[in-house]
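Here the structure comes first, spelled out in C-alpha cells, and everything after it is commentary.
Both counts, for ligands and for their atoms, begin at 1 and track the order of listing.
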Amino acid sequence: MLTQIWKVNEKTPDDNIITLAANVLKRGGLIAFPTETVYGLGANGLDESAVKSIYLAKGRPSDNPLILHIASLGQVFDLCRQVSLAAQVLMEKFWPGPLTLVLPRMSHIPDVATGGLDTVAVRMPDHPVALALIRAAGVPVAAPSANRSGYPSPTQAKHVLDDLGGRIDGIIDAGPTGVGLESTVLDMSGEKPVVLRPGGVTAEQIAAALNQEVYLDPGLANPEIVPKAPGMKYTHYAPRAEVILLEGSTEKIVEKVRELADHYKSGGRKAAFLLTKETWREVGKVPHVYSRDLGSRAQLSEVARNIYAELRASDLAGAEIIVTETYRQEGLGVALMNRLLKSAGYQVLKL
Ligand code: TXA
Ligand code: MG
C-alpha cells in the first residue's frame, strides 16, 4: 500500500485535502491526522471492518478499546446512552481539549471499537485539522495514537511514517503537536470520577471544575494492580533502548550523569542523555551517542512536548541506553512521570 502524505497549514488546512482524506475514511480507509496531543490513526468509528484494520496496522491487542473523536458536543448524545450533568460540565469546560470521557455506550457502536466494554471513550480534539477532518467525514472517528503498538506516540508526521508507512492510506502533516502526551482518560461512567490515564488536563483542574474529589485508578501507581483502562496494562511508550531514570538533587544527578557517561564509554556502550536545561548547565560535556536538552523543569509543558520525539531520536541514533530524569508528580508532571516510569519498566535510580 502506498501511504500518501499531505502537508497542510495547521490553522487553515486546504479544504481539498481535507475532503480527499475524509473520503478515504468514508470508504473504510485509514488516515493519520494531528491532534493537539499526538498524531492519531483514524478510521470511521461506526464501520466495524475499518476499525478492525486499525488494530491490524498497529499490531494492537484487540481488547484495547479506542477513543471516538467528535467535532460537536451534540455527537456525544449519539454515542453515549447516559451523559451525567458532571460530564456535561467537563465537556463545556475542557472541550475541545485533551480530556477523554468514558461514558455508558449506545449499542450501535461496533464492539471492536469498545473492546466489548459497556462504555465508550469520547473526546473532542483541540486541533483545526482534526476538527475539519471529523466534520468532513460526518462520522465519529476512532483513533488511537498512530504508532506501532508499544512504541512512543508520534508527535510528528515522520514518526507516523516510520512506524506505519506502507500500512495506512495517508498522513495529514501539520507539523509537530502541541501537548506531546496523550489525553487524560477520565471514567465518568461510575459514581465517582476516576482518572484512568493522566494527561494534558490535570486531576486538580477536573476537581476544581466539578467541585468534587477526583480519584486516580490504583493501577496507575502500582504495577501489580491491573489498571481499568485496558491500554494501561501493556508495556507502553517504550523505546528500544533501555531507559534509566535518575531521581535526586541536581547536584547528585550531575555527578551520576558524568559517572555513567564515562562508565558506558569505557564499556563501549552507546548512551543517550535526555536532560533538563538545569542539569545540562552543570554537567557540561559528556561522551554520548545522542544528547538533548528537553527544556526547563520550570516549563514542564516544554519537556512533555519534546519527550517522545527525543526517545525516538535516541533509538535512531543507535543508543542502547537512555539516561533521563524524574519530575515532581504534580500538574503535568503526573502524566509525564506515568509515561517515563512505564518506558523505564518502573526502574528508578534513587540518588
Ligand atoms: O490524546 C489521545 O488520547 C490520543 C489522540 C490521538 O487522541 N489517542 C490515544 O489513544 O492516546 P490510545 O488508543 O493510544 O489510548 C486510549 C486509551 C487506552 O489506554 C484505552 O485502553 C483507554 O484509552 N480506553 C479507551 N476506551 C476505554 C473504555 N471504554 N474504558 C476504559 N478505558 C478506555
Ligand atoms: Mg497509544
Side-chain angles (χ1 to χ4, degrees), residues 30-43 45 51 54-55 57-71 79-80 94-106 109-127 129-131 133-134 140-155 159-160 163-164 171-172 177-190 193-201 217 219-220 226-238 304 308 335 338-339 342-343:
L30 297 181
I31 297 289
F33 62 96
T35 77
E36 81 282 30
T37 59
V38 299
Y39 275 75
L41 177 59
V51 173
I54 289 182
Y55 288 87
K58 281 189 55 118
R60 179 178 174 109
S62 61
D63 70 340
N64 189 6
L66 305 174
I67 299 171
L68 293 183
H69 294 68
I70 57 174
L79 299 173
C80 308
F94 296 107
W95 283 1
L99 176 67
T100 295
L101 298 178
V102 172
L103 293 163
R105 67 179 273 202
M106 299 265 242
I109 303 169
D111 277 341
V112 277
T114 63
L117 297 172
D118 191 35
T119 52
V120 62
V122 187
R123 100 171 182 100
M124 191 193 294
D126 188 13
H127 196 296
V129 175
L131 292 172
L133 180 69
I134 299 163
V141 174
S145 48
N147 49 284
R148 286 303 282 269
S149 196
Y151 209 53
S153 293
T155 55
H159 302 155
V160 181
D163 280 19
L164 301 175
I171 305 172
I172 307 180
T177 59
V179 179
L181 298 176
E182 306 80 355
S183 64
T184 305
V185 177
L186 184 73
D187 186 0
M188 290 299 287
S189 69
V194 184
V195 173
L196 306 183
R197 177 178 74 181
V201 173
D217 182 35
L220 287 176
V226 179
K228 189 158 179 219
M232 298 303 280
K233 72 174 180 277
Y234 298 106
T235 333
H236 236 129
Y237 319 111
Y308 285 152
N338 170 262
R339 309 307 193 274
K342 283 172 145 270
S343 71

Does [X] reach ligand 1, in the sense of a heavy atom lying below 4.0 Å from it?
X: H69; value: yes
X: T114; value: no
X: P125; value: no

- Message: Suppose we only count N/O/S atoms under 2.8 Å; would S145 qualify as near the Mg ion (ligand 2)?
- Response: yes
Give yes or no for whether the N/O distance cutoff of 3.5 Å, strictly under, is met between [X] and ligand 1.
X: T35; value: no
X: Y39; value: no
X: S183; value: yes

In the structure I gave you, are the side-chain heavy atoms of [X] and [Y] within less than 4.5 Å of one another anywhere?
X: V194; Y: L196; result: yes
X: P34; Y: I172; result: yes
X: T35; Y: R123; result: yes
X: L101; Y: W95; result: yes

- Task: For the pair Y39 (side chain) and H159 (backbone), establish whether a donor and an acceptor sit closer than 3.5 Å, ignoring hydrogens and angles.
- Result: no
- Candidate with minimal heavy-atom separation from atom 17 (C) of ligand 1, of R197, M124, M232, R123: R197
